[in-house]
Amino acid sequence: MALNAEQSERLNVLLTDRAEEISARWAEVAAAPLRGRLTVAEAARQTLDLQRQLQATLRAGATDVASDRSAELRAVLSEFSRGRARQGFTATETATTVLALKTAIYDVAGVEKGDEATLRDYVAWTSFIDELSLFTFESYTKARERIITEQNEQLLELSTPVVKLWEGVVSVPLVGTLDSARAQVVMERLLQALIDTGSPWAIIDITGVPAVDTQVAQHVLKTVMAARLMGAECIVSGIRPQIAQTIVALGIEFGDIVTKASLADALRHAIKMSGSELARSQRRAA
Amino acid sequence: MSAAGDVEAAAVQAISGDEDVVRVRQLVRTAAVAAKLSLVDQTKLVTAASELARNTLVYGGGGKAEVSHLDNGARRGIRIVFSDSGPGIPDVELALTDGYTSGGGLGLGLSGARRLVDEFELETAVGVGTTVSVTKWAR
Ligand SMILES: Nc1ncnc2c1ncn2[C@@H]1O[C@H](COP(=O)(O)OP(=O)(O)O)[C@@H](O)[C@H]1O
Ligand SMILES: [Mg+2]
């Protein structure tokens, strides 16, 4: 529910005239349930930021959270939520800090002993603060999702090491479940490594993949084709006997792609081939 | 069912996302180890399950997999029933043809899964859904 202009004005006056009392009480109430994880001083820094922005927003004539005039306030609340999400506080704990302003106002404005007009104002202000806290709750959730996505991406990057095994030979191990997102990362990183190192050979090692189904096979085939378009040749290694039998029964054909039982076999093959290519080109040059 | 002898209560796994396909694979792997399937047979059954679970998800729009232990007195085995209430398969023979895909896959999941198991049954009705049951016996 939006405030009317007078209610907004009176809240601004209260926050300005009694600024210090309110911020002290707000920080105290906010820190109480977070004891041990957030000091009163830390809580005070956060609530003071919020309080200053709230005053500025009310001064500009804002009467609800959604309006243009509250843009800055929303930004500060979002920033606050993001910080709390990163520190590992829950959504409820984060929103509760904003709600603590109600108690601070109740105590400082003396609502309990106040007249009917004060009580009416208080009711309007609290529903405004409820809106602020709802907005905080939502920002928190969005921030949390973003953090999780970032962490997943980091994990993907970490778990896909492309290494240069030998001059002209890079390799990438596929480990665990090769879902589409991971397969895409693997392909991109391998192709990038081929460019960066100018290697003509790539080894895709599937020792760590427990089941090679048609989806995994399709990803591998696509990667091999993409590498070929860049002038590089792939060897698929780590095909254990049970995987080989399963691939055959499924009917997957690797065509003319070289497959090897172990990474060592694959490397030996790549070195031998580059050696004979080198010899050939040397003979041609001679 | 009677030919199968004892059927132990099934473990059920809902299939509604990629991570559920992984869960089905893990469930089947555990069951296959418990039924003392050889490493090759475990791998074949897990791979077949992976194919069928993905079809349930991608083409059936989600569904479930039920994994049960069989014991016919002479041998132990694993049965997995995949079911969905999706669009069904209008031409079963075509769908079971190597290389046929309506979705940009390799078209080897259904036909390949049939080759990976000992028993394979497919029931489907357009507009009603699809049920695929597979069984693998310990040797
Ligand atoms: N549960 C299902 N519901 C509807 N259609 C299915 C189902 N499973 C398979 N199909 C059809 O059978 C085709 C072949 O399946 P499959 O051999 O696994 O190949 P792919 O998954 O590569 O398309 C699919 O493209 C699809 O048209
Ligand atoms: Mg399939």
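For the numbers below, each heavy atom of this structure counts, side chains included, while hydrogens, waters and symmetry mates do not.
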For this session: Report, as yes or no, whether the 6.0 Å neighbourhood of atom CD on B/Glu119 holds more than 12 heavy atoms from other residues, nucleotides or ligands.
Result: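 Count over threshold, so yes.
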
For this session: Answer yes or no: are there more than 12 heavy-atom neighbours, outside B/Glu19 itself, under 6.0 Å from its atom CD?
Result: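 Correct, the count exceeds 12.
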
Seminar exercise, completed: Given B/Asp98, B/Val21, B/Leu106, the one with more heavy-atom pairs under 4.5 angstrom with chain A than any other is B/Leu106

Seminar exercise, completed: Pair count under 4.5 Å, heavy atoms only, with chain A: among B/Gly109, B/Gly107, B/Ser111, B/Gly105, highest is B/Gly105

Problem set entry | Main-chain N/O of B/Lys44 paired with A/Gln242 side-chain donor or acceptor, under 3.5 Å | no

Exercise. Which atoms of B/Ala113 come close to chain A, meaning under 4.5 Å heavy atom to heavy atom: side chain ones, backbone ones, both, or neither?
Worked result: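 It is the backbone, since no side chain atom gets that close.
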
For this session: Counting only heavy atoms closer than 4.5 Å, note whether B/Arg114 contacts chain A via side chain, backbone, both or neither.
Result: neither

For this session: Would you mind telling me which of B/Val46, B/Thr47, B/Leu108 makes a side chain to side chain contact (heavy atoms under 4.5 Å, CB included) with A/Asp213?
Result: B/Thr47

Exercise. What residues of residues 249-259 of chain A sit under 4.5 Å from chain B when you count only heavy atoms?
Worked result: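 Expected list: A/Ala249, A/Leu250, A/Gly251, A/Ile252.
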
Problem set entry | Nearest atoms (heavy-atom pairs only) where B/Glu51 meets A/Gln215 |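 Heavy atoms only, the tightest pair is OE2-N, 4.4 Å.
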
Problem set entry | Side-chain heavy atoms of A/Pro210 within contact of B/Arg25, under 4.5 Å | no

